[in-house]
Amino acid sequence: MADIDFDGVTKVYGDGPPAVDRLSLHIDDGEFMVLVGPSGCGKTTALRMLAGLEEISSGTLRIGGAVVNNTLPKDRDVAMVFQNYALYPHMSVAQNMGFALKIRGESKREIARKVEDAARILRLTEYLERRPKALSGGQRQRVAMGRAIVRSPQAFLMDEPLSNLDAKLRVEMRSEIARIQRLLSVATVYVTHDQVEAMTMGDRVAVLRDGQLQQVATPQDIYDRPANEFVAGFMGSPPMNLVPCQLRPGRSRVEVVVADQSIELPLGYADTHSLPEAGADVVLGVRPEDVLIADATGANVLKVRVERVEALGSEALVHLAWGEGGASSSRDARSRSFIAKVGPRVTFAPGDVVSVQVSPEHIHFFDAGTGISLRAGGR
Amino acid sequence: MVLIAVIMLYPFWVMIGTSLKSEAQFLSGGGFSWLSWKNLTATIPVGQEVLSSTIVCTASILIILAVGLPAGFAFAKLRFRASTVVFLVIVSAMMVPLQAILMPEFVNVTKLGLTGGYLGAIVVYAALGTPFSVFLFATYFRGVPDELIEAGIVDGLGYFGALWRLVVPIAIPAIATVTVLQFIQIWDDLLVGLLFIQNTSERPITVGLAVLAAGRTTSIPELMAGSLVSALPAMVVYLVFQRYLVKGLTMGIDR
Ligand SMILES: Nc1ncnc2c1ncn2[C@@H]1O[C@H](COP(=O)(O)OP(=O)(O)OP(=O)(O)O)[C@@H](O)[C@H]1O
Ligand SMILES: [Mg+2]
C-alpha cells in the first residue's frame, strides 16, 4: 500500500491543448479520492497516466514515494477497473480474477485461496466457473472489482465503473465499492462524472475542468465552500443559483443589488469576506435549498414571480424569476431566474408573486471576471 | 441444402468411383479394382510427395502466422509513426499477382541458392501469404477492445504476452481462416513448387500429379486417384477448421 503524488503532471496529446494541465494532487495511503468533472476534462487521462498506459508529458508522478514516470505498468503494481470491465472473455471468473497472480508466478494453491477470499467478499462464489458472457452486468462489475482486489495492489484505479449499470444496481454497487475500499484500505482514485457518487463515496473530491484542478476538499467542503463559480455550478443538483449582481455601500451596511431590488448584508460581513470595491460586479451564488419562500414582507426579501413548479415527490423545485415577464433573450432569462428547493406541498401556482429570503451565511460571492470565490481565505 | 450438398459432392463421388476401377473397367463402365491405386503408387512416390507438400504447407503457414499475428497486432493496436502508410503498402502488396513477381523472385531465390529443396518454396509462399494475413489479423484485432489489452498490461503482461495470452485465444476464428485459405492455396499451387523445388525427391504432390498427367500415364482412373490424394488434405483441413471458419468469415456481424 502506498500514497500517490501528482506533482505538476501534464499530458499533451499531439499539438493540442493539454488534456491534463499541471495537476498537483496528493492521495494519502488508504484514501478514497474521487476525480470528477465534465466530459473531456482529463479525468481518464490522469488515471491512465497513473496506470502507466499513457506517457507523462511533464511533471513528476510518485507512487509510494518512488518516481514512476518511466516505470512500466506491470512494475507499478496498481489495479484498474475499466468502464466496460474488460473481462477476459475466454477465461472463467476464477481465471479472470487470478490472472495477474498467475503472471506474477504465484502457486496454484495460493491463487485459489486468494480468489476464493475475494469471491466471498464480492459474493461471487457460485459463479467462479462461469464465463463472463454468462453473467449479468452487476456480476461482471463485481468480477472486475475482484480482479483488482485479489492482487492487493498499491492502489485501485477505477474509471466510471458504475456507468454501465442501471440506476438501482448503481446505488447498490456504490456503497458496495465504498465498503470494500474501506475494508481493504488501499489508496483509490475513482473517476466519475456522477456527482452523487462524488458526494457519497469519496474521502475527498478533486474537481477538474479543462485539465486543470479546480478544488480538492471533502465532499461537504466542496458543497459548502466551492472555490469558484465552476465548482459551485457543477456540484449539486439542481446546481447552485448564480446571479449577476452589484455591491453598493448602503447606509451602514453593504447592499447587494439584484436587478431593481436589493438586500443588505449584515454588519461585519465585509470583514469575513474579501469583497471587492463597492460598485463592482459580482456573482451571487445560493443553493436552491437555501432559498426560502416566505410570506414575510420584512426587510431583506426579494419579490419574485413563480414561473413553474416541478413536484418531485419528496420535494418540489420552484422556478422563480424577477423583473417583467417575457425576458428578451434566453440568456437574459437565465440570469433573471433561479430555483428554490422546497417541501413537496406547494401552495402557490405559476404567476403568483412571492417573497424569497436568503440568510447571509448561505450566500456565496464570486468575482464576476475570474469566478473565484470571494470568501476570506479563498479556497 | 441437400441439393447443394449433392451438387458439391457429386464430382468427388465420381472421382472416388472412377479411381476404384481399372482402365478396362472404366471404359466398360462396371467393376471394382484397386489396380489404379497400385499403379499410381508405382508411377510416382505418392507418400513422399504428400509429405513434401505437408512440410512446405505447414512451414509456410507457421511463418505466415508467426509474422502476421504480431504485425497485425501492431498495426491494429500500437500507435507508431507512419503506421497507416506502411499498412497500405502491405495491403497493396496483396493485390500483386503471383505471376508478376514470380520471375524476379526466382532470380532472388536462386542467388540465395535456395531453389533446390523446400526452403525456397517456403520462403516464397510465406512472402506471398503474409500480406493477406497481416491485413486480416489487423482488421480482426481492430474489433478487440483496447481495454482488454490494457487490462492485461495493468495485470502485468507485456505486449507480446498480451498478444499471446489474450489476443490469440480470441482470434481463433481469424487464425483458422488464414490457415484454411493459405493451406488450400499453397497445397493446390503448382507453379511455385514446380519452379523452386527442383530436387525430384522433394517434389510436392501437385508437381507429381502434373508429371503424371504429362505423360507417365494416360489412365483416367489412375489420374483420378492421384487427384483425390491431392485434393483430400485440403478438404480435411477445411472440415477440421470449418467450425471456427464460419465465425471468422461472418465476424463483425454478430458483434
Ligand atoms: N488518445 C488521445 N489522443 C488525442 N486526444 C485525446 C486522447 N485521449 C483523450 N484526448 C483528449 O484529452 C481530453 C481529455 O480526455 P479524457 O478522456 O481524459 O476526458 P474525461 O474527463 O475522461 O472525459 P469523459 O468524462 O468523457 O470520459 C479530451 O479533450 C480528449 O479529446
Ligand atoms: Mg473518461
Side-chain angles (χ1 to χ4, degrees), chain A residues 13-14 44 47-55 71-92 95-106 111 131-133 140 143-151 153-161 164, chain B residues 65 69 72-74 76-85 137 139-179 241 243-248 250-255:
Chain A
Y13 287 108
T44 299
L47 204 65
R48 289 171 57 85
M49 285 192 284
L50 186 49
L53 296 171
E54 211 71 70
E55 261 175 53
T71 307
L72 289 174
K74 66 185 173 71
D75 300 323
R76 294 193 186 198
D77 194 20
V78 297
M80 186 151 172
V81 177
F82 292 82
Q83 183 172 358
N84 58 8
Y85 318 138
L87 301 180
Y88 310 127
H90 57 295
M91 297 183 196
S92 69
Q95 286 168 329
N96 259 282
M97 287 168 62
F99 190 59
L101 305 179
K102 192 171 154 196
I103 295 171
R104 220 192 269 168
E106 295 194 14
I111 295 174
R131 289 285 165 92
K133 215 165 47 171
R140 285 181 206 182
V143 177
M145 282 291 294
R147 207 164 57 174
I149 68 180
V150 291
R151 290 176 49 188
Q154 304 280 347
F156 290 140
L157 316 181
M158 308 189 193
D159 193 355
E160 310 203 19
N164 284 352
Chain B
L65 292 180
L69 282 168
F73 182 66
K77 291 295 171 203
L78 307 183
R79 286 174 254 159
F80 56 92
R81 219 179 292 177
S83 69
T84 324
V85 176
F137 286 136
T139 312
Y140 191 86
F141 293 163
R142 287 214 177 100
V144 176
D146 285 348
E147 286 87 351
L148 190 72
I149 293 149
E150 288 170 355
I153 285 171
V154 172
D155 264 355
L157 292 174
Y159 276 115
F160 274 100
L163 172 63
W164 182 242
R165 299 173 78 161
L166 299 180
V167 177
V168 167
I170 55 180
I172 298 292
I175 294 172
T177 307
V178 166
T179 304
F241 283 96
R243 198 153 70 86
Y244 307 103
L245 190 67
V246 175
K247 264 195 252 160
T250 57
M251 73 197 177
I253 292 172
D254 58 356
R255 206 187 300 117

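Computation of the quantities below employed the complete heavy-atom set of this structure, encompassing side-chain atoms and omitting hydrogens, waters and symmetry-equivalent molecules. Every chain is numbered from 1 and lettered A, B, ... according to where its sequence line falls, protein lines coming before strand lines.
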Which portion of A/R76 sits near chain B, non-hydrogen atoms under 4.5 angstrom: neither
Testing the basics here: between A/R151 and B/D155, what is the closest heavy-atom pair and its distance to 0.1 Å? NH1-OD1, 3.2 Å
Can you pull out the residues in residues 161-168 of chain B with any heavy atom less than 4.5 Å from chain A? B/R165, B/L166
Calculate, to the nearest 0.5 Å, the distance between atoms CD1 and CG belonging to B/I149 and A/L53 respectively. 11.0 Å
As an exercise: rank A/M91, A/K74, A/H90, A/M80 by heavy-atom pairs under 4.5 Å with chain B and give me the winner. A/H90
Can you name the nearest heavy-atom pair linking A/A86 to B/A151, along with the distance? O-CB, 3.9 Å
State which residues pass ring pair (Phe, Tyr, Trp, His ring centres under 6.0 Å) with A/F99; sequence neighbours excluded, sorted by chain then number. A/Y88
Minimum heavy-atom distance between A/P89 and B/I170, given as atom pair plus value: CG-CG2, 3.5 Å
Would you say the side chain of B/E150 lies within less than 4.5 Å of the side chain of A/R48, judging by non-hydrogen atoms? yes
Minimum-distance pair of heavy atoms, taken over all atoms of B/L148 and A/L87: CD1-O, 3.1 Å
Determine whether more than 12 heavy atoms belonging to other residues, nucleotides or ligands lie under 6.0 Å from atom NZ of A/K102. no
Toward chain B, the part of A/L101 with a non-hydrogen atom under 4.5 Å: neither
